[in-house]
Amino acid sequence: MSFDTILPPYNASDPTARFLASSCLDFLLIELVPMAYRITNQLDSSSADPSAGDDAQSTATGPAAGGPQRNSVLSSGTGGLSTGSSGGGAGMLGAGFSRDRPRFNDTLDVIKFLCKDLWTLVFRKQVDNLKTNHRGVYVLTDNSFRPLSRMSAETSSQAIARAQPFLWFPCGVVRGALAAMGITATVTAESSELPAAVFQIKTIKTQN
């Protein structure tokens, strides 16, 4: 995949041109959370019944209570199996899109690049609103966040609860992109009404 700006006309016959179907990310997000639930349920089954070994199987794809192993998979953190850490790797790759830009002056410049260029690259639209307290906290609002745009459920509260795990991977993407551009931060997200999503970025000052 190339992050170079592709200028029209698009020349599919160019042997050096690389294209990626934008639906690939949609399919990844659709499968990632159910897969994480399946892995977590298998870990829980193995932990509860050591004799079950590899025969422990589960087809559950919904939220359920669990212990530390479950949290390591179904978290937005940086655990090796977490959906958030998977997004972090993708975000670091996406940050390569900034390599031909002038040097960023400060953290706010990086956040603006994230809201406009990178958000459009990954989620196909810009962030609708950006707020900051100028003390390292940034709030990004996307009123029609693409990964949540096709979700529905019997009740609004049920839909919001089911949507939350699908925000962990995008949180990882944002955190990974910021890390690749030299900014250490924690990233959280929530949705109070689909398909809107609000991301909060808290930068962490590193000690020299």
Side-chain angles (χ1 to χ4, degrees), residues 3 5 20 22-26 28-30 32-33 36 74-79 82-151 156-157 159-206:
F3 291 101
T5 302
L20 178 66
S22 57
S23 58
C24 286
L25 179 61
D26 295 338
L28 173 64
L29 291 176
I30 289 171
L32 188 62
V33 172
L74 295 174
S75 72
S76 58
T78 56
S82 73
T83 53
S85 66
S86 301
M92 288 184 177
L93 291 174
F97 187 61
S98 67
R99 68 179 183 270
D100 295 325
R101 290 178 52 88
R103 185 181 180 86
F104 296 115
N105 294 322
D106 52 25
T107 302
L108 184 58
D109 274 355
V110 175
I111 299 296
K112 287 180 178 178
F113 165 78
L114 176 75
C115 293
K116 295 180 180 180
D117 300 76
L118 194 61
W119 214 265
T120 300
L121 175 70
V122 180
F123 304 117
R124 308 188 206 174
K125 66 183 290 293
Q126 294 184 5
V127 166
D128 293 299
N129 186 267
L130 167 63
K131 294 181 179 179
T132 178
N133 63 357
H134 298 285
R135 292 192 295 273
V137 178
Y138 304 86
V139 178
L140 288 58
T141 303
D142 189 330
N143 294 324
S144 183
F145 190 52
R146 185 173 181 83
L148 305 184
S149 61
R150 295 185 180 90
M151 291 187 177
S156 177
S157 59
I160 291 172
R162 289 180 177 269
Q164 188 63 37
F166 290 88
L167 294 173
W168 293 336
F169 183 87
C171 281
V173 170
V174 173
R175 187 175 58 250
L178 291 173
M181 291 183 282
I183 296 175
T184 303
T186 60
V187 182
T188 58
E190 63 179 4
S191 175
S192 58
E193 183 179 358
L194 297 181
V198 179
F199 290 78
Q200 184 179 85
I201 299 171
K202 293 183 179 180
T203 58
I204 302 172
K205 291 184 179 180
T206 57

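On a predicted model such as this, the values are computed, not experimentally measured, just so you know.
Minimum heavy-atom separation, V137 to Q200: CG1-CG, 4.1 Å. Closest heavy-atom contact between V127 and N129: CG1-O, 3.1 Å. Summarising the geometry of L194 relative to A163, their closest heavy-atom pair is CD2-CB, 3.8 Å, with the distance given to 0.1 Å.
Checked by atom type and distance alone, the side chain of Q164 pairs as donor or acceptor with a backbone atom of A189 at under 3.5 Å. Looking only at distances, no side-chain donor or acceptor of T141 sits under 3.5 Å from a matching main-chain atom of V198.
Side-chain contact between V174 and L140 is absent, with no heavy-atom pair separated by less than 4.5 Å. Contact annotation: the side chain of Y138 never approaches that of L114 to less than 4.5 Å [non-hydrogen atoms, C-beta and beyond]. Side chains of I111 and T132 form no contact here, defined as non-hydrogen atoms less than 4.5 Å apart. The side-chain heavy atoms of P170 and F199, taken from C-beta on, include a pair separated by under 4.5 Å.
Note that the NE2 atom of H134 and the OG1 atom of T107 stand 12.5 Å from one another [nearest 0.5 Å]. With rounding to the nearest 0.5 Å, the separation of CZ in R175 from CD1 in I201 is 11.0 Å. Rounded to the nearest 0.5 angstrom, D142 CG and L148 CG are separated by 8.5 Å. Here CD of E193 is found 8.0 Å from OG of S191. Values are rounded to the nearest 0.5 Å. Annotation: the span from K125 atom NZ to N143 atom CG amounts to 6.5 Å, rounded to 0.5 Å.
Checked against side chain to side chain contact (heavy atoms under 4.5 Å, CB included), N105 has the following partners two or more places apart in sequence or in another chain: D109. Partners of T120 according to the side chain to side chain contact (heavy atoms under 4.5 Å, CB included) rule, which considers only residues two or more places apart in sequence or in another chain, are Q126. For R135, the side chain to side chain contact (heavy atoms under 4.5 Å, CB included) criterion is met by N133, not counting sequence neighbours.
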Is there a side chain to side chain contact (heavy atoms under 4.5 Å, CB included) between L178 and T203? Walk through the geometry before answering. CA-CA 9 Å; L178 291 173; T203 58; 6.0 Å; no
